[in-house]
Structure formats: structure tokens, C-alpha cells
Asks: 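Handing you this structure, nothing more for now.
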There are 2 protein chains.
Amino acid sequence: MISIKEVTKQTGITVRTMRYYDQIGLLHPADKTEGGHRLYGEKEMKKLQEIQFLKTIGFSLQEIKEMLADENHDWFTGLKKQLGYISKEKERLEQIEGTLRGLINEIMLNGNIDLFSVQKLIQLYQQNMDKREGYLNQIFNEEESKLLQNLPNINRDDPETLEWIALIAQLKKHMSKGISAPEIQRLIKRMYEKEQETFGDNKEFVEKIWDIRKSPQKSESAGFYPIDAETLDFFEKAYEFYVKKKSNF
Amino acid sequence: MISIKEVTKQTGITVRTMRYYDQIGLLHPADKTEGGHRLYGEKEMKKLQEIQFLKTIGFSLQEIKEMLADENHDWFTGLKKQLGYISKEKERLEQIEGTLRGLINEIMLNGNIDLFSVQKLIQLYQQNMDKREGYLNQIFNEEESKLLQNLPNINRDDPETLEWIALIAQLKKHMSKGISAPEIQRLIKRMYEKEQETFGDNKEFVEKIWDIRKSPQKSESAGFYPIDAETLDFFEKAYEFYVKKKSNF
DNA sequence: ATACAAAATGACGTAACGTCAATTTCAAGT
DNA sequence: ACTTGAAATTGACGTTACGTCATTTTGTAT
């Protein structure tokens with residue numbers, strides 16, 4: 001028989017928690033002193049461990065109470081149900097994670113931001129979730145849809161996406177130096193090569209994407225990350241410049 | 001200006017929720033009728049959408065209130081913090097998912113189960129989480145540790161693991177028919193082939209694993225799923241029978 | 001004017017404790 | 001036996017984001 005203090009020492013569980021478990025009938029002390037101090041035995045400590053474990057796998061105290069009370073509890077079914085629940089929750093968090101990464105990337109692209117811009121981004125996001133796929137499937141054929149998967153999807157966390165964002169952000173930063181500046185041309189070169197790597201010679205496909213990018217409305221419908229018109233225009237000119245120079249050799 | 005009923009119609013948000021948002025100062029109605037009925041305008045509806053969105057990405061109402069109130073809120077930092085929090089939560093759920101799958105598989109192996117067995121499994125689990133890796137690294141060298149990754153890890157959900165579990169479960173089921181029964185020998189054959197596929201000719205390594213399996217204590221320390229001694233013994237005999245027959249041809 | 005729908009306020013309940021506050025008990029030292 | 005300080009007790013309120021009554025008031029159609 002050990003005191004409540006000993007329990008907290010051995011398990012890290014607080015006194016309040018032990019009192020609470022007693023109160024809700026989840027775990028009563030084995031005995032009490034004359035004065036009413038709680039005393040716990042070996043059995044209780046084991047049960048406490050079980051409770052802790054069942055808590056870590058996401059069961060509520062009420063559920064745990066019922067499970068431990070029922071001699072013939074169907075653990076298999078219970079655990080499968082719990083697994084289903086946990087899996088769903090996990091998927092929800094994965095969704096959220098993707099959305100957050102998307103928003104963060106967009107802010108990285110646009111620089112920090114006032115309430116108004118965030119409102120616009122949020123609206124864009126909500127639209128996209130509903131419409132993006134529909135819109136894209138309408139424009140691209142099946143084969144191209146697969147290629148689209150390779151597009152830097154702003155929700156994703158892969159280094160591919162990050163490099164695109166970094167490249168565009170750098171482009172914006174050095175825009176004032178003009179399209180022929182060596183910094184710019186180095187960036188464009190990298191982008192050109194990346195494009196080749198990703199889409200190969202699929203000219204027509206790349207054209208379609210440019211077409212979408214050039215129209216803010218289309219761009220919004222497609223859920224591409226918003227590059228402002230100025231940057232887009234600058235990029236296009238710098239790109240042409242690069243290609244022309246390249247073909248001169 | 002629309003009534004609260006209109007709001008619920010358009011958004012699906014309940015009256016209670018609107019009242020609550022009003023109460024905590026998150027979203028006041030634009031105006032009230034003489035009698036005190038709430039009226040909402042365009043601005044409020046937009047704000048409501050933003051609130052909904054920020055809720056879906058996991059912010060609390062208090063946080064949302066502060067974010068929307070602060071003209072110069074640092075969205076970038078806030079979102080990154082939130083991402084960190086969400087990612088952690090997601091990892092926690094992944095952990096739980098693995099544990100649950102593990103427990104479910106063990107129950108599949110052992111048939112359904114009383115409180116006592118579950119207590120033992122839980123204890124085994126808690127031990128494993130702490131000790132398993134340490135113990136295994138002590139016995140196996142680095143190369144072998146990599147091979148160990150191919151071992152049916154009971155926490156995992158892949159078809160490999162599932163087949164091992166199914167095979168052993170079938171073995172148990174038909175055990176009464178003796179080691180030479182054709183059902184048994186077919187199962188053993190499949191297991192033998194799977195073993196070859198997975199570990200190739202790495203005899204020594206397979207020996208070590210058998211050594212661990214044969215000792216309940218070691219098996220427990222290593223966190224292998226618990227196969228009872230009887231089944232293990234039966235398997236061994238059936239296996240020897242199979243190999244002998246095979247080498248006779 | 002009446003009746004009925006819709007809205008209002010107020011209150012309690014939820015889950016799993018944390019955090020006071022006021023009082024009582026325990027164990028040790030004198 | 002007495003004192004004292006630490007430890008334990010009960011009780012109560014706070015937390016989140018509403019749901020769910022119960023009761024009263026307002027709006028609107030006839």
C-alpha cells in the first residue's frame with residue numbers, strides 16, 4: 001500500500017488526476033486511512049498503467065472505464081473502430097497540413113501581407129478546394145493530367161516545389177535590374193532546365209500552362225499560385241531573351 | 001441586412017454558434033432590430049467565411065479573434081507555428097495508428113481475448129516501445145539490422161505482414177491435423193518461399209531469428225509478435241519435415 | 001387582433017483535468 | 001503529549017465551442 005504521493009512519483013500522474021479517476025469511478029484506491037487519505041496497491045498500479053496506455057491510443061476515460069469493467073469486452077472490434085477513428089483524424093490533419101503549407105508558400109511568394117490579402121488568399125483557397133480539379137480536368141486530357149502532378153503543387157512540401165518558389169521569389173527581388181542582368185539570366189536558366197526535366201519536350205502542354213498563367217482569372221480557377229502580372233510579364237520577357245541568346249550559339 | 005435564419009441557411013452555421021460568436025466578441029451583428037433580433041450584412045458574412053476557414057486549419061476562436069482584430073498580424077509566423085503544431089499532432093496520430101494496427105494483428109493471431117491477455121499485450125507493448133530497438137541493436141550487426149526492416153513488423157499495415165499473420169493463423173487452425181497434413185505442408189511451403197524471398201541465403205541471420213523466437217524471454221525483448229510455444233514447436237517440426245522431404249528429391 | 005413561427009436570454013452540460021482556497025491529517029521532532 | 005510543517009482532503013470555478021433545454025419576447029401573416 002502506497003500513498004498518493006508515491007503514485008505520482010512512480011508514474012508522473014498528478015494528485016488531481018488520481019482524485020478525478022476516483023471520482024468518476026475509473027480507479028478507486030484500494031483503501032483509505034482513518035483520516036481519508038488514499039492508499040493504492042499493486043493491482044491499482046497495474047490498472048493505472050493500462051489506463052495510461054489506453055489513453056495514449058486515444059480512448060476516452062469513459063470508454064476505458066467501460067472496457068475495463070466489462071469482463072467479456074470485444075477488444076478486437078473496439079480496437080478496429082478506434083483505428084478507423086484515428087485514421088480519419090490523421091487524414092484530416094494531413095489535409096490541414098497541406099493547406100497550411102500552401103498558404104505559407106503563397107505568403108513567401110508575395111511577401112508578408114495584410115488582412116485584405118489574406119482574405120483574398122483564403123477565398124482563393126476555398127474556391128480551389130471545390131473547383132480546382134473540375135476546372136483542370138476540363139482543360140487537360142488524361143495524359144496531361146498526369147503531367148500536372150509534376151507541377152509544383154503549392155500544397156506540397158517537396159524540394160521541387162520549394163525550389164520553384166525560391167526561384168520566383170528571387171526573380172521578383174532582382175526584377176529592377178532588368179531582364180539581361182546576369183542574376184536574372186542565371187535564374188531563368190535554372191528554370192528552363194527544370195522545366196525541361198519536368199515536362200520534357202511536351203511543348204503543347206507547356207503552352208497551355210502559360211496560357212493559364214497569363215490570365216489571372218484562369219490562373220485563379222486552376223488554383224495555380226498567384227504570380228502577379230508584373231512578375232509574370234517580366235519573367236516572360238526574360239525567358240524570351242534567354243531562349244534567343246541560347247539559339248544564337 | 002439578413003436575419004440570423006438566412007445566415008444559417010446560407011452557411012449551415014447554427015443560431016447558437018452565431019450567438020456565441022457575438023457573445024465572445026468574435027463577430028457582432030451589423031445591427032439589431034428594435035426588438036433585439038440580430039441582423040448581418042455582407043461584411044459579416046465574409047468575416048464569417050474567414051472564421052470558418054481559419055477554424056478548419058485548426059486555430060482556436062480566441063486565436064482567430066486576435067488575428068482578425070490585429071491589423072498588422074504576422075500571418076507568416078502564425079501559420080508556421082500552426083503548421084508545427086499540426087505536424088506534431090499528425091505524428092502523434094501516426095504513432096497511435098501503428099500501435100493500434102499492432103494490437104489488432106496480435107489479437108488476430110491469438111484469437112479474441114480476455115482482459116488478462118490484453119493486460120499482458122499492453123505490458124509487452126509498453127516494454128517494446130522503450131526497449132525493442134536497444135535489444136535488437138545489441139544482437140544484430142548493422143547489415144543484419146537492415147534486413148530486420150524486412151521482417152514482418154507487426155505494427156505495419158503492408159500485405160507482407162498480413163500474409164505472415166494469415167499463414168501463422170492458418171497453421172494454428174490446422175495444427176491438430178499433424179505436421180504432414182497437406183494443408184500444413186502447403187502453408188509451410190509458402191512460408192519457406194517467402195523466407196527465401198525476403199532473406200535469401202542469409203542462413204546465419206535466419207538462425208539468429210529462430211534462436212530469439214525459441215526463447216520466449218528473448219522474443220519478448222525483441223518485440224517480435226508473440227507466438228505461443230506450442231505453435232512454434234509445431235511449426236519447427238513441420239518445417240523440418242518439409243525440408244527433409246524436399247531434399248529427398 | 002390573434003396565432004404561430006422565429007428569435008431572444010439564461011442556464012446547465014460536455015472532457016479531463018488545472019488551479020486556487022480553506023480545512024484536516026500525517027509523520028517527525030521535541 | 002505537543003507542536004509544526006508537509007501532505008492530503010473536499011469544494012468550487014475555469015477551460016473550449018458549442019448543444020440542448022426552458023421560458024419569454026418579437027416578428028409576421030391572416
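Keep in mind that what you see is a predicted model, and the values were worked out from it rather than measured. Each chain gets a letter, A, B and so on, in the order its sequence line appears, and its residues count up from 1.
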Asks: Among D/dA8, C/dA7, C/dC17, which nucleotide sits nearest the side chain of A/Ile4?
Replies: D/dA8
Asks: Can you see if the side chain of B/Lys5 gets near the phosphate of D/dT26 - specifically, an N or O under 4.0 Å from OP1 or OP2?
Replies: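 Looking at the OP1 and OP2 atoms of D/dT26, neither is under 4.0 Å from any side-chain N or O of B/Lys5.
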Asks: Under 4.0 Å between a side-chain N/O of A/Thr14 and OP1 or OP2 of C/dG18, yes or no?
Replies: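 Looking at the OP1 and OP2 atoms of C/dG18, one of them is under 4.0 Å from a side-chain N or O of A/Thr14.
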Asks: Would you kindly give the OH-to-C1' distance between A/Tyr40 and D/dT9, to the nearest whole Å?
Replies: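 Nearest whole value for this atom pair: 12 Å.
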Asks: Take A/Gly35 and A/Tyr20, find for each the nucleotide of DNA chain C with the closest heavy atom, and name the residue whose nucleotide sits nearer the 5' end.
Replies: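 Residue closer to the 5' terminus by nearest nucleotide: A/Tyr20.
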Asks: Contact class for A/Arg38 (heavy atom, under 4.0 Å): base, sugar-phosphate, or nothing?
Replies: sugar-phosphate
Asks: Report yes or no: do A/Glu91 and A/Gln95 form a side-chain donor-acceptor pair below 3.5 Å?
Replies: no
Asks: Using the side-chain heavy atoms of A/Tyr21, tell me which of these nucleotides is nearest: D/dC18, C/dA7, C/dC17.
Replies: C/dC17
Asks: Please give, in whole Å, the distance from D/dC18 C1' to B/Ile13 CD1?
Replies: 12 Å
Asks: Is any side-chain N of the basic residue among B/Arg101 and B/Glu97 closer than 4.0 Å to the acidic one's carboxylate O?
Replies: yes
Asks: Between atom CG in B/Asp22 and atom P in C/dA8, what is the gap in whole Å?
Replies: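 The answer, rounded to whole Å, is 9 Å.
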Asks: Output the rounded distance in Å from CD (B/Gln23) to P (D/dT15).
Replies: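 Value for this atom pair: 12 Å.
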Asks: What is the distance from CD1 of B/Ile24 to P of D/dG14, rounded to the nearest Å?
Replies: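 After rounding, the gap between these two atoms is 17 Å.
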Asks: Is the phosphate of C/dC17 approached by A/Lys55 (side-chain N or O, under 4.0 Å from OP1 or OP2)?
Replies: yes
Asks: Check this one for me: any side-chain N or O of B/Thr33 less than 4.0 Å away from OP1 or OP2 of D/dG27?
Replies: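 It does, given that an N or O in the side chain of B/Thr33 lies less than 4.0 Å from OP1 or OP2 of D/dG27.
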Asks: Nearest of D/dG19, D/dT9, C/dT9 to any side-chain atom of A/His37?
Replies: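 Selected nucleotide: D/dT9.
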Asks: Report, as yes or no, whether the 6.0 Å neighbourhood of atom NZ on A/Lys80 holds more than 12 heavy atoms from other residues, nucleotides or ligands.
Replies: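 Open: at most 12 neighbouring heavy atoms sit under 6.0 Å from NZ of A/Lys80.
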Asks: Is the shortest side-chain heavy-atom distance between A/Leu83 and B/Ile96 below 4.5 Å?
Replies: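 In short, these two side chains do not touch, never coming nearer than 4.5 Å.
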Asks: Round to a whole Å and report the spacing from CG of A/Leu27 to P of C/dC17.
Replies: 13 Å
Asks: For B/Phe59 and A/Ser3, find the nucleotide of DNA chain D closest to each by heavy atoms; which residue's nucleotide sits nearer the 5' end?
Replies: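 With B/Phe59 and A/Ser3 compared, the 5'-side residue is A/Ser3.
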Asks: Ignoring hydrogens and angles, answer whether the base of D/dT20 and the side-chain atoms of B/Arg16 contain a donor-acceptor pair closer than 3.5 Å.
Replies: yes
Asks: Closest-nucleotide mapping onto DNA chain D: is B/Gln62 or A/Leu39 further toward the 5' terminus? I mean the 5' end.
Replies: A/Leu39
Asks: If we ignore angles and hydrogens, is there a donor and acceptor under 3.5 Å between the side chains of A/Glu6 and A/Ser3?
Replies: no
Asks: Tell me whether the OP1 or OP2 atom of C/dA16 has a side-chain N or O from A/Thr17 closer than 4.0 Å.
Replies: no
Asks: Give, for atom CG of A/Leu48 and atom CD of A/Glu50, the distance between the pair rounded to the nearest 0.5 Å.
Replies: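 It comes to 9.5 Å.
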Asks: Just the rounded figure in Å: distance from C1' of C/dA7 to NZ of B/Lys9.
Replies: 14 Å
Asks: How close or far is atom P of C/dT19 from atom CE of A/Met18, stated in whole angstroms?
Replies: 18 Å
